[in-house]
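Data block below; observations after.
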Protein chains: 2
Amino acid sequence: MTIKDVAEFSGVSVSTVSRVLNQHPDVSEVVRGRVMDAVRELHYVPNNSARDLVKTRTDAIGVVVRGAENPFFTPVIRSIENAAEDAGYEMVLHQIQSGAGELEAAAALARSKRLNGLILLGGCYDYTPEQTAALGVPFVCCTYTNRFGRLDPASYSSVSIDDRAEAYRAVQLLLSRGHRAIAVLLDSVSDRSISQLRYQGYCEALRDAGVALDPALVAETVEFEMPAAYERTRRLLAEGPAFSALFAIADSMAIAAMKALSDAGRRVPEDCSVIAIDGIEMSRYTVPTLTTLIQPAETIGAQAVGILAEVLAGRGGSRHLRLETTLRPGGTLGAAETDRKAR
Amino acid sequence: MTIKDVAEFSGVSVSTVSRVLNQHPDVSEVVRGRVMDAVRELHYVPNNSARDLVKTRTDAIGVVVRGAENPFFTPVIRSIENAAEDAGYEMVLHQIQSGAGELEAAAALARSKRLNGLILLGGCYDYTPEQTAALGVPFVCCTYTNRFGRLDPASYSSVSIDDRAEAYRAVQLLLSRGHRAIAVLLDSVSDRSISQLRYQGYCEALRDAGVALDPALVAETVEFEMPAAYERTRRLLAEGPAFSALFAIADSMAIAAMKALSDAGRRVPEDCSVIAIDGIEMSRYTVPTLTTLIQPAETIGAQAVGILAEVLAGRGGSRHLRLETTLRPGGTLGAAETDRKAR
DNA sequence: AACGTTCCCGGTAACGTTCCCGGTATCGTT
DNA sequence: AACGATACCGGGAACGTTACCGGGAACGTT
């Protein structure tokens, strides 16, 4: 079952078999045929470990993802896998828990598995430039933020939407409908930079509209999970001040919130408008359809491997791609005024 | 950056370094300390390819999944990963498209990567016993069916729910509420054995209740995707006969169907009851909450690696584990009679 | 004092590939 | 007819690691 067996079976040397297997030109058609026949006959499959050992590169890129429970990542990961395959790379997935030291662990994994590069998906790794450089592996960040601006932009690449600006846009949509008491639902700002950025957009939109920020309308959960979002919204409805609109920093949180609203007897959008960011598949099937800013998930994933592939090919330095969302007008937006009049 | 560098740095042989790296007993404390210091100092990370090459086993199991777009698989895969890690295995994921020859490709992958075993997740591979044996890799099937009974039960292991019986139970619940015109929503029977089994349960429940099967109420989609389920339900509502209840063979299809019902102006459960099987997270957040038979996803995944680990350890032959679902009474079930009276 | 044990440690052959280098036909050229 | 070029193939080193075998030191035992 090794290359040697194939060589003996077909009466050639191991070198020749290797050449045939790797599409090298210096081999005659007749020999190539004999070898291929032997391969089929013996059901030979090359040993990847041995192959990777002798070559320096593995032709594999790693995707380290924090919070894979977020359904938004599903299409991103799929598009990464497809794009990687098209570019001749294999994708290996590695989930990490939120916590310190995980990036080092991922880098160690990358080095031990001889991965060519890394795609960091959905997390916040506030490392110093020195620490980042110590990774020793080229990487590109996806749906990720350089918290505190500690990373030197020239030392890495990234592709994502402009979270702050898009959140600003979402909240502005609510404001333009006359809403003033706008609640925001987010997961832990301290741990999640994406959440933090979108929260900033919320704050700035309110400020620019001359609306005072009410801390009691900021509903923060400790984790991203839907049950937490549901429970937090329930508590906000029970204990917090009144609000006519809700901005959720993620579709999945919005869906949980809509359930909480419904359970509390509040209708969407009559009693409360809802808007979010992400555009996960499920958000098309809520009743009413969730109004949300759809991230170009496929493009994000494809561009990430595109940039990484360029870096790996030697050409192309660091790039920071900012993509735009597209608004899907669902049915969760209502006007604040007409609402009041209707009552 | 190799083991040799570490050996030279710490003034010992490569053998000794290897020994301390693999927790072998025959090494003194002082030397162990020196080596560990060197490892840290040089940021040494073992080369997995070389390690795998010399050992026969890789301590990795592959999960080949067909239709990873099904959100039901998410927790299953996660639990497999966790259980694998606990058992000292690494998990590698491999998605396949529906199509022939994919299992062979997966087996080739397993052999080329020297995977210890395979978990086949959510598919139907109707192979002959000879073909199966030719895989050359121990495997256990998960949410999977031995279509046509062609596989010798003694030649493999499996863990899943009893799809036929659970579907029977779901439809029985509808029947017990007085429903007679019960539609069924499923994806391609010809390609998906799970779908086929659940459809069988539907047919048998109707038959045992003395209800004639109406082919016009059998809504089949060509693919599993939610848009297909939505569209098929829409068409059923527009063109098909009246029905007071719907059995969807999967939660995700049920959610899409509920949206179609809503868009058609039909209320759930007043105008139409809905029941499904799976118990995905999203189904808790529909309005009303979906009534469904929850699969023990975590247990399924954990048991799958448990059985595989036993097989790999040499002990334990083939086992076929059938787990039970638990009914979550949501709000999508109504009575047929009271409904009619209310009108 | 000689010997057997135990405890460490080093040398070295594998593991299955790829790749470089060198070698042998074959063939056309002068 | 001798020679260079070309096409094709085999030999063997290397990749980084583990596992086996053997050997030396220290120590207790008779």
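Here the structure is a predicted model, which is why all the values come from computation and not from measurement. All heavy atoms count here, side chains included; hydrogens, waters and symmetry mates do not. Each chain gets a letter, A, B and so on, in the order the sequences are listed, and its residues count up from 1.
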Are any non-hydrogen side-chain atoms of A:Val140 and A:Val311 less than 4.5 angstrom apart?
->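 SC-SC contact between A:Val140 and A:Val311 ruled out.
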Side chain of A:Asn116, backbone of A:Ile61: donor and acceptor closer than 3.5 Å?
-> no
Any donor-acceptor pair under 3.5 Å linking the side chain of B:Ser160 with the backbone of B:Thr143?
-> no
If you measure from [atom1] on [X] to [atom2] on [Y], what distance do you get to the nearest 0.5 Å?
| X | Y | atom1 | atom2 | result |
| --- | --- | --- | --- | --- |
| B:Arg51 | B:Asn22 | CZ | CG | 5.5 Å |
| B:Phe9 | B:Leu42 | CZ | CG | 5.0 Å |
| A:Leu308 | A:Gln303 | CG | CD | 12.5 Å |

Using heavy atoms and a sub-4.0 Å distance, could you list which residues of residues 25-33 of chain B are near DNA chain D? By number, please.
-> none
DNA chain D: 5'-most and 3'-most nucleotides touching chain A, 4.0 angstrom heavy-atom criterion |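 With heavy atoms of chain A under 4.0 Å away, the range is D:dC8 to D:dG16.
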Do NZ/NE/NH1/NH2 and the carboxylate oxygens of A:Glu29 and A:Arg32 come within less than 4.0 Å?
->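 A:Arg32 and A:Glu29: salt-bridged.
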Using distance alone, with no hydrogens and no angle criterion, decide if B:Thr16 and B:Ser13 have a side-chain donor and acceptor under 3.5 Å apart.
-> yes
Side chain to side chain contact (heavy atoms under 4.5 Å, CB included) between A:Val305 and A:Tyr89, worked out | CA-CA 9 Å; A:Val305 331; A:Tyr89 291 102; over 6 Å; no
Not counting sequence neighbours, which residues clear salt bridge (Lys or Arg N to Asp or Glu O under 4.0 Å) with B:Asp37? List them please.
-> B:Arg40
Full working for side chain to side chain contact (heavy atoms under 4.5 Å, CB included) between A:Met91 and A:Ile77 = CA-CA 9 Å; A:Met91 185 198 82; A:Ile77 292 173; 3.9 Å; yes
Take the C1' atoms of the five end pairs on each side of the helix from C:dA1-D:dT30 to C:dT30-D:dA1, get both axes, and report the angle to 10 degrees.
-> 60°
Quick one: what's the B/S/- string for nucleotides 12-19 of chain C, heavy-atom cutoff under 4.0 Å, read 5' to 3'?
-> B--BBBBB
Crowded around B:His24 NE2? As in, over 12 foreign heavy atoms under 6.0 Å?
-> yes
Which pairs, protein N/O on one side and nucleotides 23-26 of chain C N/O on the other, fall under 3.5 Å?
none

